[in-house]
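Worksheet for the structure shown next.
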Amino acid sequence: MYRPKVRILSNLSMEVVNNGRGTPCQAEQENKCPLYDKVSLPELVKNVIVYPRLLNNPLCLAGLSWGQLLHHLIGKMQFGSRRKKIDTSPQTELYGHALQFYVQPPLENISLSEFETFAVDRVKLLKTIENLGVSYVKLSEDYKKKLWNESRNLNFPYKLEASVKDEKKSQIGQDEYEKRRKDHISHFILRLAYCQTEDLRRWFIQQEVDLFRYRFDGMLSDQKREFLHRNNLQYNTITVEEKKSLREQLVISSYAVSGVTVESQDFYKVPFQDALDLVRTRKVYLKAGYVYIPHQDIVTIVLNDFRTRLSKALALTARSLPAVHSDERLQPLLNHLSHAYVGQDYSIQKNVGKISLEQIDSLSGKSFPLCMKQLHQSLRENHHLRHGGRMQYGLFLKGIGLSLEQALQFWRSEFTRGKVDADKFDKAYAYSIRHMFGKEGKRTDYTPYSCMKVILSNPPSQGDHHGCPFRHSDPELLKQKLQFYKVSPSGISQILELVKGMHYQLACQKYFELTHNFEDSNFSLNHPNQYFIESQRVLGGGKDIKREMEAPQRSQENSAARGSTAAREAAANASQDLAEMTEDLDSFFQDA
Amino acid sequence: MPSSDYDPASLPDLLPLYYRRLFPFSQYYRWLNYGGVQKNYFQNREFSFTLKDDIYVRYQSFTTQNELEKEMQKMNPYKIDIGAIYSHRPNQHNTVKSGTFQALEKELVFDIDMTDYDDVRSCCSAADICSKCWTLMTIAIHILDRALREDFGFQHLLWVYSGRRGVHCWVCDEAARKLSVAARSAIAEYLSLVKGGEETVKKVVLTDPIHPSIRESLSVVERYFSQYALHEQEILGRKESVDKVLALVPEDVRKDLQQSFQNEKKPETRWKLVKDQATRKQATAKKGQHFEKEIMLQYCYPRLDVNVSKGVNHLLKSPFSVHPKTGRISVPMDLKELDTFDPFAVPTISMICEELDRPRTEEESEDTKEKENEKDAAEKRKIRDYKRTSLAKYVKYFDQFLDGMARTWKGELLRKSDLQKEF
Ligand code: SF4
Ligand SMILES: [Zn+2]
């Protein structure tokens, strides 16, 4: 049997000791991996066996390379010399509370199949959290109910009020114990999968924090106290005198406090950096760099702690992985996994060059979601879009199939109709467009924006046209717009009702159904590019793209080719380091 | 001294003179070196130059004041931007392993640009400013300066006129320089109130009760509102502007006001009618009717470019850089004289270069004699030079600002040496 060995070096990198004869591996012949379900951690680490052909089979390797192996690296890294002590502390102690701070990584041996289900289930849970966060007010009744159901279906802890007094395994019940164990282990597996890039880390932290918040919120107040105590979380309270002198400000700063309750509540005084969520939304009294948080809002500080620790842990994890990361055989696998986990990103361009610039106007009328229609129109009107709009719209266009050359031509011709001359365009804007196409810098950062991203990040400000009209337009303006697009009055009121309930994507989907005469769309909208694809499908299987394309395409190609020579030259002139700094440059040039 | 005296075409001739004889290098270095408290702080700082014909050169860095001086005198940048302090020398950034070159620290910065107020000023638009709309900057500075000091506890705030249509703020406290991206964006959002783009009409929505910090801001706006908004911008004058204001009040109130405005033309009285309506609403309706305050804030509250403040690696135009279009020097502003600050009185490069050629007065030569022994000749000449121009008062203010900061460096250095003794 072909068994190349991989040795773990002391600096946590790996070395392939014996690779290379190219004999097909056993597993491939038998169509299954013999290690599946069998490997124990110590064995794995001592003697990692990599089946080269199986590298093309992510399912099997998901557990092997990315799961267990890395998992062990983490465990080792964080605990090193203290390992012994932890080994002796009973796992039941670890699961005494339904809510965990995930301080210790799991150290037991876990079968690969369990690894896989755990990982996949947690991804499902986190995806649910992400979706709920857009459609519902966080911690509203609906939100909580849905999350409760999902936790139960996926076998994660859901009875948050479960007693904490009985800490022994036998008393919390085998069932509950298993749930907590799954929660614990799956969290650590995903740390490995999601530590690789800034985007993945951000996504993971966000969902984990929301999950934590939901669980914390569900506990009774003495359970919360118990939890804080158990995890050694202590915060400074202010004195009675200080409270008296600040009484009025405290009352008018947070909704949770009234003149009556201020007396009986503890207030915590912490540096403002520890409660950024409250600072950002101005929901707390802030003085000389300190925030004054009423006891009921203590979750903010706890969450902050949770977030900070998690993000540090992820950074640490990421740093311990370079060996795996630079292994070119593992790279496709890792990419595959992270893509699968954050959902379709619409950056894979099957249809590059299938659209001509002449088609954009008509396509925008028929198949663009409102957000892109809005950007297209204001670009045509003002011959300019500010940075946020250029990113949102530019990436969308890339996603529907514009090539780099077409994109350069498209933006150049529109911008030069306005105040920007060709020279300035090439200096100040062409970089950022090439960057969007991954010609500069890292490709991963530049996938078309999902609805979530459009709705939640970088809200439009003065002079901006980007964002999601369902989220960022005044209802009155939205109404006018819908009327303009000939949506029936009853349709309009349905849409506005959804908007009112903050179901922006559902509102958009309703708009889709109404404008496509399509009763029950059987997809769930989460991406502007998905909107486009679905629309094209409904309007005739994307046929009209091809049909309309034939004649103009040829002339298009010619001019595109001409444009591209210039672009290529410019790109060639740009020195190596330019690639790295383009992202900065892009923000630097924002509407200079 | 109108700025029309300045001709952009003369810039290539004036810049060498400016960098050779006028640019306050020693103060500039003193600032960015921050007392040498942290190692390589100045050396790892990114500078970026804009040269002739819009050529941008990023990732410049310098080991000493002298090197900075020489380089600037050689390159004569049209514009200087300051970036972050990096983990390595920025000019060697492509020799370090990719991914390890990282922006670590930077001042917390704010950028307020008049173009962001285009929907609420009628006097000018885009890059133009006049003394009327400049009030918006005055209000913005008052509001932000107070909040940054009192709410966040920062002390070393350097306000700088951008040279054209806005102002920048550099918060230089050590704590501010070390802030994370998340903290920067939280601060910027705490300070932002006017939300929404072209698709939003009502851009300020207050919570109830109104947060203490916003109350403070409101009291600043109240000081200026009547003179500025009612009289200078005449927001309750012409029909279109009246309509714009009325779009911000609840529908039933709007009708009433439209009615009563027909026989009432005086802006003050009209505004009083709006306020009366608001008071009436507050008494009857449920909580949260603050539309008169929301109007005031929508018209006057500072509008920040949040993205500039967020990023640690974002570049911002440096103080004492020249604005290539107007020729004005980006000068530090003394807030004690904020209400009389006149952007049109800020010296242009052509003006101060001319002043250099003026024959010296008696007094000036006296002044320099005293210091004859202390400094070497070149340095002496430079001091003499800028002191003879209208740049002097801004450099002097900059010196005061630096003195304030130096007091904290001293403390920090003392603490460090104490620590060392303990070991
Ligand atoms: S819901 Fe998504 S696709 Fe629809 S308008 Fe908003 S961002 Fe665009
Ligand atoms: Zn003006």
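Heavy-atom distances place the side chain of B:Leu179, and not its backbone, under 4.5 Å from chain A. Only the side chain of A:Asn458 comes within less than 4.5 Å of a heavy atom in chain B; its backbone stays farther off. Neither the backbone nor the side chain of A:Glu476 comes within contact range of chain B; no heavy atom of the residue lies under 4.5 Å from a heavy atom of that chain. With a 4.5 angstrom heavy-atom cutoff, A:Leu276 touches chain B via backbone and side-chain atoms both. Of the two parts of B:Glu150, only the backbone, made up of N, CA, C and O, holds a non-hydrogen atom closer than 4.5 Å to a non-hydrogen atom of chain A. Residue contact with chain A, scored on non-hydrogen atoms closer than 4.5 Å, is absent for B:Leu304. Neither the backbone nor the side chain of B:Ile55 comes within contact range of chain A; no heavy atoms are under 4.5 Å apart. Using a 4.5 Å cut-off between heavy atoms, A:Val291 does not touch chain B at all. Of the atoms belonging to B:Lys203, it is side-chain heavy atoms, and not backbone ones, that fall under 4.5 Å from chain A.
Rounded to the nearest 0.5 Å, atoms CG (B:Leu206) and CD (B:Glu294) are 4.5 Å apart.
Checked by atom type, the side-chain pair B:Asp118/B:Ser125 shows no donor-acceptor distance below 3.5 Å. Side-chain contact check for B:His290 and B:Asp208: at least one donor-acceptor pair (N or O, by modelled atom type) lies under 3.5 Å. When only modelled atom types and interatomic distance are considered, A:Lys453 and A:Gln392 share no side-chain donor-acceptor pair under 3.5 Å. A donor atom on one side chain and an acceptor atom on the other are not found under 3.5 Å apart for B:Thr95 and B:Arg89. Between the side chains of A:Tyr393 and A:His376, a donor-acceptor pair is found at a separation under 3.5 Å.
Contact count against chain B (heavy-atom pairs under 4.5 Å) is highest for A:Gln374 among A:Lys283, A:His472, A:Gln374. Highest contact tally toward chain A, considering only B:Ala182, B:Ala147, B:Gly196, is held by B:Gly196 [criterion: heavy-atom pairs under 4.5 Å]. Considering only heavy-atom pairs separated by less than 4.5 Å from chain B, the leading option among A:Pro475, A:Ser378, A:Ser461 is A:Ser461. Contact count against chain A (heavy-atom pairs under 4.5 Å) is highest for B:Ile214 among B:Ile214, B:Thr115, B:Val306, B:Val194. For the options A:Lys481, A:His465, A:His466, A:Glu248, heavy-atom pairs under 4.5 Å to chain B are most numerous at A:His465. Of the listed residues (A:Asp277, A:Leu278, A:Val284), the one with the most heavy-atom contacts under 4.5 Å to chain B is A:Val284. Per-residue heavy-atom pair counts under 4.5 Å with chain B were compared for A:Pro459, A:Gly467, A:Gly463, and the maximum is reached by A:Gly463.
Remark: A:Lys269 is not positioned above the aromatic ring of A:Tyr292, lacking an NZ or CZ atom under 6.0 angstrom from the ring centre and at most 45 degrees off the axis. For the pair A:Lys287 and A:Phe272, the cation does not sit on the ring face, since its NZ or CZ is not both under 6.0 Å from the ring centre and inside 45° of the axis.
Salt-bridge annotation for A:Asp305 and A:Arg307: absent, with no side-chain N of the basic residue lying under 4.0 Å from a carboxylate O of the acidic one. In this structure, A:Arg280 pairs ionically with B:Glu189, as a charged nitrogen and a carboxylate oxygen lie closer than 4.0 Å.
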